[in-house]
Amino acid sequence: MMLVEKYLPLFVAIPLGGAFLISLLGWKKRGLPEWIGTLIPAGLFIYSLVTLWATTKHGIVVHHLGGWSPPVGILIGADGLTAFMLVIVHFVAACVALYATDYIKKYTSPWIFYVLFLIILAGMNGVLTTCDFFNLFVFMEIASLAACTLVAFGTERHELEAAFKYGVMNTMGALFILLGIALLYGYTSELNMADMANIIAAKGPGSKIVTMAGVFFLVGFGLKAALVPFHAWLPDAHPSAPAPISAILSGLIIKSLGIYALFRIFICVLGMTPLLSSIFLFMGALSMATGAIMAMGQTDFKRLLAYSSLSQVGYIVFGLALGTPLGILGGLFHLFNHSVGKSLLFLTAGSVEYATGTRKLNEMGGLSNKMPVTGTSSLAGAMSIGGIPPFGGFFSKLIIIFAAVQAGHIGYAIWAVGTGVLTLVYLMKAMKQAFRGALAERWQAVREVPMRMRLAMLILAFVCLTGGLLLIPQLKDLFLNQAAKVLIDGRMYSKIWGGF
Amino acid sequence: MKKIKEPGMSVIVKTVARLVARVMLLFGFYVVLHGQVTHGGGFAGGVVMALVFILIMLAYGKEGALRTFSRTGALTTAGIGLILLVAIAFTGYWRGHFFANFLGQGWPFEFWSAGVIPFLNIAIGLVVLGSLYGIFAALTHFHSEEEEKQ
């Protein structure tokens with residue numbers, strides 16, 4: 001058995017083990033939570049690169065839990081798409097953990113933060129690597145509950161309110177998903193996603209139960225991904241959490257629990273239909289515009305970024321729903337760029353809050369003079385998300401718009417261009433209000449944030465700047481094409497998974 | 001003479017709770033240990049054991065129960081259980097797989113019939129005991145306004 005295959009469960013087990021270790025020892029030993037919390041994502045990032053290499057070589061790696069073969073046993077597996085997501089998750093999580101080591105000192109009991117952070121990481125990795133439908137639900141709930149607790153971490157009034165809203169809405173989503181899983185389990189007598197896909201394909205199209213389950217999944221995962229009719233919780237929850245967690249929530253959680261799960265199930269298990277595709281296209285376009293228009297009027301820095309996430313998720317879903325190879329490539333590439341860029345922006349917003357104590361854009365101004373690193377890296381993130389040429393975000397948006405034109409959706413393409421302009425407008429407005437102009441009297445004593453926070457932001461800003469290099473053919477074959485291939489031939493991959 | 005208000009419920013409830021508590025704890029432990037041959041297991045037994053301490057809290061009041069089993073104790077119990085669970089799962093690599101059953105299988109319907117399952121059940125029982133009681137103790141964390149005034 002290959003080593004990567006053998007140690008695949010470590011993606012879930014190590015963060016969980018680390019979290020429990022911190023919960024036992026962390027409140028006594030100073031510094032231990034920070035070390036464990038930073039080293040685990042960093043180590044797993046290296047392992048995720050190894051997994052990526054293994055998936056390019058072998059196509060798919062599968063671990064049989066406890067040595068039991070399916071249909072009795074549960075599988076943990078990784079294909080190109082999983083490895084792609086794992087790399088993104090661990091890269092951003094490692095940067096965020098590094099940033100948090102300094103940032104979290106302003107709160108009491110930082111060890112609780114690290115426990116919940118690692119549990120979120122374990123939950124996301126579980127969702128990404130599992131091949132079992134019910135396990136996917138369980139891991140999703142693990143990550144959601146930990147995230148909900150972290151939204152309330154500051155225990156202020158509005159934070160508790162946001163956490164309650166997040167908890168209720170996400171539980172609703174989870175119940176829809178559970179109902180959908182129950183219906184599909186009744187229909188196929190199987191929980192292994194690959195086997196399920198084979199049985200659904202064998203029974204033929206037109207089943208009302210599968211359609212019903214599809215609607216439930218659309219609502220459930222749509223809630224997790226914050227697609228527009230189901231987005232109400234996001235603008236409250238994401239700004240309320242501590243900055244590192246806002247970065248994780250916006251950069252990773254809505255993508256791995258929402259978009260990844262949505263497209264894994266709709267493309268690889270249920271099978272995409274033209275009707276579904278057009279629904280996703282419409283929801284994506286609606287999300288894009290709604291998020292951008294709502295973001296225009298915001299004065300709270302983090303709330304503006306949260307609405308921006310809504311809009312960018314619309315782009316990703318739009319690209320993936322086009323269904324053409326170019327569209328899927330663009331969607332996945334934009335997922336990468338948005339993960340890095342939006343995490344960076346949330347971290348810089350956190351830095352500003354750390355230094356000045358406010359999130360109101362109209363109270364800031366000229367902060368670049370006092371905080372050059374934060375100002376520069378924030379600009380890099382904004383230019384990447386806004387789509388300015390040398391940055392990664394420009395290329396991914398360009399690909400999505402080209403793909404829309406190629407697929408014959410001229411109207412949607414113009415819509416996407418228009419939203420792109422709006423994106424640039426609100427991000428540059430925020431940058432100008434926060435960092436440019438004259439420095440106000442009250443911010444004369446402001447100092448740049450500590451070293452580790454600066455380092456984390458600079459790493460992310462560097463990746464924002466060089467993200468476009470991933471389109472070089474050799475790197476593209478390794479990273480993006482492997483993931484895109486899974487979504488382009490969804491059925492083919494499920495046949496491989498079921499073929500034991 | 002003014003009657004001093006004791007925390008908790010009446011004498012009858014306290015006496016019954018005192019008598020029943022140890023038996024319940026024993027039963028909970030039995031359910032955990034025999035998870036592989038009877039109904040129940042780690043979760044069910046853990047719930048029964050947690051209920052013992054919740055019963056003490058209801059009968060004797062918050063202070064009495066927290067003296068028997070503190071919040072830190074609950075956290076530590078859950079943490080030890082979880083570490084045990086992950087450790088057993090890791091030991092499975094000895095036989096090549098995560099979560100592999102590396103102990104002998106024993107004889108069907110006997111106590112020793114499931115390899116590592118009883119140990120996993122004990123771990124889960126500890127987790128459920130600690131976390132369920134911990135959640136209940138956390139819910140009593142805040143005082144009511146009347147208590148604040150006193």
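Looking at B/H97, its side chain does come within 3.5 Å of a backbone N or O of A/H64 through a donor-acceptor pair. At distances below 3.5 Å, not a single donor-acceptor pair connects side-chain atoms of B/Y60 with backbone N or O atoms of B/A17. Side chain of B/Y133 to main chain of B/F53: no donor-acceptor pair is present (N/O by atom type, distance under 3.5 Å, no hydrogens or angles). Panel note: side chain A/T130, backbone A/D132; a donor-acceptor pair is recorded below 3.5 Å.
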**Request:** Tell me, with the steps shown, if A/F137 and A/F134 meet ring-ring contact (aromatic ring centres under 6.0 Å, His included).
**Result:** CA-CA 5 Å; A/F137 169 77; A/F134 193 74; 5.8 Å; yes
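Note on B/F90, B/F99, B/Y93: by heavy-atom pairs under 4.5 Å with chain A, the leading option is B/Y93. With respect to chain B, the highest number of heavy-atom pairs below 4.5 Å among A/L8, A/I22, A/L65 belongs to A/L65.
Residue-level contacts of residues 66-86 of chain B with chain A, in order of numbering, are B/T72, B/L75, B/T76, B/G79, B/I80, B/L82, B/I83, B/V86; threshold 4.5 Å between heavy atoms. Interface with chain A: from residues 44-51 of chain B, no residue qualifies, criterion being any non-hydrogen pair under 4.5 Å.
Between A/H90 and A/F11, the ring center distance clears the sub-6.0 Å criterion. For A/Y107 and A/F113, the ring centers sit 6.0 Å or farther from each other.
Within a 6.0 Å radius of CD in A/E161, other residues, nucleotides and ligands contribute 12 heavy atoms or fewer.
Residue A/L21 touches chain B through both its backbone and its side chain, counting heavy-atom pairs closer than 4.5 Å.
Evaluation of the salt bridge (Lys or Arg N to Asp or Glu O under 4.0 Å) rule for A/D236 yields A/K165, A/R303 as partners, not counting sequence neighbours. Remark: A/F164 engages no residue in a ring pair (Phe, Tyr, Trp, His ring centres under 6.0 Å) (not counting sequence neighbours).
Heavy atoms only, all atoms of each residue included: B/E110 and B/V37 are closest at O-CG1, 3.2 Å.
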